[in-house]
Amino acid sequence: MFGLNKKEADKSRAWKRLEKHAKKMRNVEMLEMFDKDPDRAKKYSINFDNMTVDFSKNRINDKTFAYLLGLAKEAKLKQKIEQMFSGEKINITENRAVLHIALRNKSNKPIYVDGKDVMPEINRVLGKIKEFSEAVRLGKFKGQTGKKLTNIVNIGIGGSDLGPKMATEALKKYWGKGINCYFISNIDGTACAEVLNKLDPETTLFIACSKTFTTIETLTNARTCRKWLVDALGEPAVAKHFVAVSTNADEVAKFGIDTANMFEFWNFVGGRYSMWSAIGLIIAIAVGYDNFEKMLDGAYAMDEHFRTSEPAKNIPVVLALLSVWYNNFFGVRNHAVVPYDQYLTYLPAYLQQLVMESNGKFVDLNNKVVKYQTSPVIFGGAGTDVQHSFFQMIHQGTSFVPCDFIIPAISHNEIGEHHEILLANVLAQSEALMKGKTVKEAAEELKAAGKTKDEINFLKKYKSFKGNRPSNTIIVKKIDAYTLGMLVAMYEHKTFVEGVIWNIDSFDQMGVELGKQMALKILPELQGSKDSSGHDSSTKALIDLIRKLRK
Ligand code: G6Q
């Protein structure tokens with residue numbers, strides 16, 4: 001645990017202290033702590049740049065906070081941050097540096113991997129992104145028949161899809177006039193068909209995004225799109241309508257895309273951390289390179305904040321420690337992220353991958369099976385929609401669900417009272433979660449509403465809320481490119497800190513391999529070219545049933 005050897009880890013003082021302390025905190029009411037300390041909100045808030053994070057509605061007191069900071073210290077967090085920023089190979093299972101921070105390193109100070117400064121290459125590709133995105137936007141890079149390319153299709157999956165999709169949607173208000181963006185990720189033919197049906201090949205640009213360029217979904221989708229294009233405009237059109245983003249030039253060439261039309265990135269960038277690289281090409285085309293750069297600026301500002309601020313005033317560190325607090329000392333197994341901004345609709349899906357693929361691990365950095373819980377389940381959705389779905393459980397479920405509420409003070413669409421109603425709702429949610437409603441209060445309300453004694457007795461418990469449920473409120477002025485960069489980098493670093501505390505490699509994803517391997521075995525069996533014996537009886541029966549149904 002914590003980068004110590006096992007013997008030391010078993011004696012972790014900070015962990016034991018927190019375990020003991022958590023028992024005392026179980027019955028402590030946040031409301032009482034607010035009553036006793038008028039400065040609580042101020043004390044447990046961090047302002048940075050245009051962002052305020054209020055974490056005062058958490059089940060913590062000064063001791064908790066100090067003990068959690070002690071845990072970070074014991075985990076040698078400061079050194080681990082430095083190791084990441086200086087290009088050490090902290091992804092130990094793949095023997096790779098972890099340098100998404102280099103992609104937005106606005107200081108341009110050298111960062112070395114294997115003795116080579118990575119910044120010149122990063123800057124060269126950024127220059128290429130700038131040039132190409134501007135050429136497409138200005139209609140200088142034209143399609144085969146001379147028409148402007150206005151339909152931009154990103155073909156990719158996982159890290160080569162979720163980040164660009166989330167950010168492109170988040171910045172929709174900044175899309176260039178006439179530009180439309182589409183995303184094809186799922187191998188389900190419907191994903192391809194539904195996008196292609198809407199498009200005109202003459203005005204369509206495909207960006208095939210794949211770090212490895214071996215991913216079956218992306219290659220199959222790209223092949224289908226390529227055929228659709230070639231059927232309409234002939235083989236020469238490929239050079240005008242297809243570009244690739246990859247670390248693997250050989251596979252790109254093999255696929256039939258000229259490597260002159262390829263944007264490189266590097267093995268030190270993990271898929272789910274890659275939207276700052278050429279994987280974000282669609283973002284740059286949609287919102288313009290200046291905005292893309294502003295997104296990098298915002299992320300860089302958060303990087304610097306993370307690297308240099310003391311832990312108690314460090315947003316990603318504090319958010320991570322609070323997550324660990326509930327996850328490991330309260331046994332809470334989930335965490336909700338609820339942005340109150342329609343444009344951030346895909347943020348929870350993006351964070352699901354970021355957090356759960358990074359930290360859903362059971363073997364630690366010392367090659368030992370962990371004895372504690374790692375990643376919580378992340379879920380969420382845009383408010384107020386989700387208030388009418390899973391919030392029932394958040395308010396009255398048997399266990400509590402820590403929530404992050406993300407609020408832009410100003411909407412991109414200030415129409416009538418819409419945004420004020422939205423804001424009133426989010427503030428009401430966090431207050432309601434904390435305050436709850438006692439059975440007595442519920443009974444009084446029912447009485448005031450004219451209910452009979454029997455009705456009151458029957459309903460009062462159903463209408464009560466336990467309260468004391470924690471949340472963080474993250475307020476920004478407006479969701480622009482800079483703020484989005486800050487927000488996403490904040491979550492990246494939060495995820496990293498959790499991984500440090502749990503002493504796991506947050507940068508591999510071996511857990512996605514097994515299913516892929518088995519799908520390759522099942523495919524010929526479904527197609528009938530191989531026998532389906534050799535499976536358990538359930539899988540075999542399902543294969544046989546599907547074959548029968550498809551006949
Ligand atoms: C992300 C993961 C994974 C990856 C996809 C697509 O961190 O590595 O989600 O992004 O499997 O991989 P390719 O980009 O290689 O196609």
Side-chain angles (χ1 to χ4, degrees), residues 84 90-101 103 125 153-167 183-188 191-192 206-226 242-255 257 262-283 346 348-361 375 378 488-489 491-496 498-499 504-520:
M84 175 168 77
I90 59 169
N91 176 356
I92 60 163
T93 59
E94 296 178 315
N95 193 29
R96 286 178 185 164
V98 174
L99 282 178
H100 43 285
I101 56 99
L103 302 169
V125 176
V153 184
N154 192 87
I155 309 170
I157 196 163
S160 299
D161 166 69
L162 288 161
K165 182 172 165 182
M166 176 275 295
F183 292 83
I184 301 178
S185 55
N186 198 338
I187 188 65
D188 188 334
C192 239
F206 293 100
I207 309 176
C209 283
S210 175
K211 183 172 167 180
T212 54
F213 232 77
T214 56
T215 306
I216 190 163
E217 290 92 337
T218 301
L219 291 196
T220 309
N221 281 326
R223 250 180 239 118
T224 301
C225 292
R226 195 180 190 284
F242 247 95
V243 296
V245 181
S246 186
T247 57
N248 194 341
D250 291 347
E251 289 296 329
V252 169
K254 241 192 254 167
F255 178 83
I257 297 177
M262 171 180 155
F263 295 77
E264 302 88 340
F265 72 117
W266 311 271
N267 271 335
F268 55 75
V269 180
R272 56 193 172 277
Y273 298 87
S274 65
M275 63 177 238
W276 323 97
S277 72
I279 290 287
L281 184 60
I282 191 168
I283 311 171
Y346 297 126
Y350 168 81
L351 291 177
Q352 266 175 350
Q353 182 193 27
L354 176 68
V355 178
M356 296 203 275
E357 199 166 77
S358 296
N359 287 339
K361 316 269 164 81
S375 180
I378 302 288
V488 176
Y491 277 115
E492 285 179 345
H493 296 320
K494 175 195 171 190
T495 305
F496 170 73
E498 289 174 307
I504 51 180
D505 185 339
S506 298
F507 301 102
D508 63 8
Q509 54 283 318
M510 314 244 170
V512 300
E513 294 306 325
L514 180 60
K516 280 196 217 167
Q517 274 169 15
M518 291 173 70
L520 287 179

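Both counts, for ligands and for their atoms, begin at 1 and track the order of listing.
In terms of polar-atom proximity, defined here as any N/O pair under 3.5 Å, Thr218 makes no such contact with ligand 1. Note: no N/O pair closer than 3.5 Å links Gly270 and ligand 1 by distance alone.
Lys211 contributes a side-chain N or O that, together with a main-chain N or O of Val269, makes up a donor-acceptor pair within less than 3.5 Å. A donor-acceptor contact shorter than 3.5 Å links the side chain of Ser277 to the backbone of Ile279.
Listed by number with element, the atoms of ligand 1 under 4.0 Å from a non-hydrogen atom of Ser210 are 13 (P), 14 (O), 15 (O), 16 (O).
Within the 4.0 Å heavy-atom shell around ligand 1 one finds Gln353.
Protein heavy atom closest to atom 15 (O) of ligand 1, with residue, atom name and distance, is Thr212 OG1, 2.6 Å. For atom 12 (O) of ligand 1, the closest non-hydrogen atom on the protein side is Thr215 OG1, 3.5 Å. Among all non-hydrogen protein atoms, the one lying nearest atom 10 (O) of ligand 1 is Gly159 N, 2.9 Å. In terms of protein heavy-atom proximity, atom 2 (C) of ligand 1 is closest to Glu357 OE1, 3.0 Å. Summary of contacts: the protein heavy atom closest to atom 8 (O) of ligand 1 is Gln509 CD, 3.3 Å. Atom 5 (C) of ligand 1 has its closest protein heavy atom at Ile157 O, 3.5 Å.
For CE of Met518, the number of neighbouring non-hydrogen atoms (other residues, nucleotides, ligands) closer than 6.0 Å is 12 at most. In this structure, Ile92 places its CD1 atom where more than 12 heavy-atom neighbours from other residues, nucleotides or ligands lie under 6.0 Å away.
Using a 4.5 Å cut-off on side-chain heavy atoms (C-beta onward), Phe263 and Ile207 make no contact. Using a 4.5 Å cut-off on side-chain heavy atoms (C-beta onward), Ser358 and Ser375 make no contact.
Aromatic ring orientation, Phe255 versus Phe213: perpendicular (interplanar angle above 60°, classes split at 30° and 60°).
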